[in-house]
Amino acid sequence: EAGVAQSPRYKIIEKRQSVAFWCNPISGHATLYWYQQILGQGPKLLIQFQNNGVVDDSQLPKDRFSAERLKGVDSTLKIQPAKLEDSAVYLCASSFIPGFQYFGPGTRLTVL
Amino acid sequence: SQQGEEDPQALSIQEGENATMNCSYKTSINNLQWYRQNSGRGLVHLILIRSNEREKHSGRLRVTLDTSKKSSSLLITASRAADTASYFCATDQRGSNDYKLSFGAGTTVTVRA
């Protein structure tokens, strides 16, 4: 089966610019997660969707981050405006069996 | 905040040796999972152990869970160069019905040829 797809794989922007990441989960997976992984740390959950509804966005910095999952399939995560501390790998994961997540390759963001 | 904490932070071993890493967590859990992350890649699920299980095997991997001590260990036997990666434990907290995972900071394992 095809895995979780993410694009782009790499992105370099200057601070205060905007950026968007895209995720296509495994077909049939109702739950989708976005994580932020700063270098040297474990992934931190930003937002969790169940179909097209938000289950948890308590860790999402809502003043600059937004995410949507239209039609309960693909999802986009946006940062506007970016700060230096947003440099990280952004991981998307999806699951069918609760608690068992499949991860995409991630998008490495560098903010200069 | 991250619930799990791995120990050691880094580990360097010779090919063929065993590698052991530990994970401690704070709150009661439904299950605990171990993931591997190769440099620049996404996370790959290795093994899941439920709170009512004490030990689980998968190939060269052996995981133990001690809920009384709130700790788990991952043993990789007969290590290979391809095992070089970061290893993370992730906990699914008991009582939560949204199946969020909390990850530790990981153990970086280097297997020398």
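No experiment lies behind these values; they were computed from the predicted model shown. Chain A is the first sequence line, chain B the second, and so forth, proteins listed ahead of strands; every chain is numbered from 1.
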How far apart are the C-alpha atoms of B:Q37 and A:Q37, what are their side-chain angles, what is the distance that settles it, and do they pass the side-chain contact (heavy atoms from CB on, under 4.5 Å) test? CA-CA 12 Å; B:Q37 185 176 39; A:Q37 186 179 19; 2.9 Å; yes

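Looking only at side-chain heavy atoms (C-beta outward), A:Y33 and B:L101 stay at 4.5 Å or farther from each other.
Of the two parts of B:E6, neither the backbone nor the side chain holds a non-hydrogen atom closer than 4.5 Å to a non-hydrogen atom of chain A. Looking at A:Q50, there are no atoms closer than 4.5 Å to chain B (heavy atoms on both sides), in backbone or side chain.
Heavy-atom neighbours of B:R50 CZ from other residues, nucleotides or ligands within 6.0 Å: at or below the threshold of 12. Summarising the local packing, CD of A:Q17 is surrounded by more than 12 heavy atoms from other residues, nucleotides or ligands at distances under 6.0 Å. More than 12 non-hydrogen atoms from other residues, nucleotides or ligands lie less than 6.0 angstrom from CG of A:L84.
Legend: disulfide bond (SG atoms under 2.5 Å apart) pairs involving residues 50-92 of chain A, not counting sequence neighbours, sorted by first then second residue: A:C23-A:C92.
Under the 4.5 Å side-chain heavy-atom criterion for Ile, Leu, Val, Met, Phe, Trp and Tyr, B:V109 and B:I47 are members of the same hydrophobic cluster.
When all heavy atoms of B:L48 and A:F100 are compared, the closest pair comes out as CD1-CD1, 4.5 Å. Scanning all heavy atoms of the two residues, the minimum distance from A:F103 to B:L43 falls at CB-O, 3.4 Å.
Checked against salt bridge (Lys or Arg N to Asp or Glu O under 4.0 Å), A:R108 has no partners two or more places apart in sequence or in another chain.
Ranked by heavy-atom pairs under 4.5 Å with chain B, the first of A:G40, A:G106, A:A93, A:P105 is A:P105.
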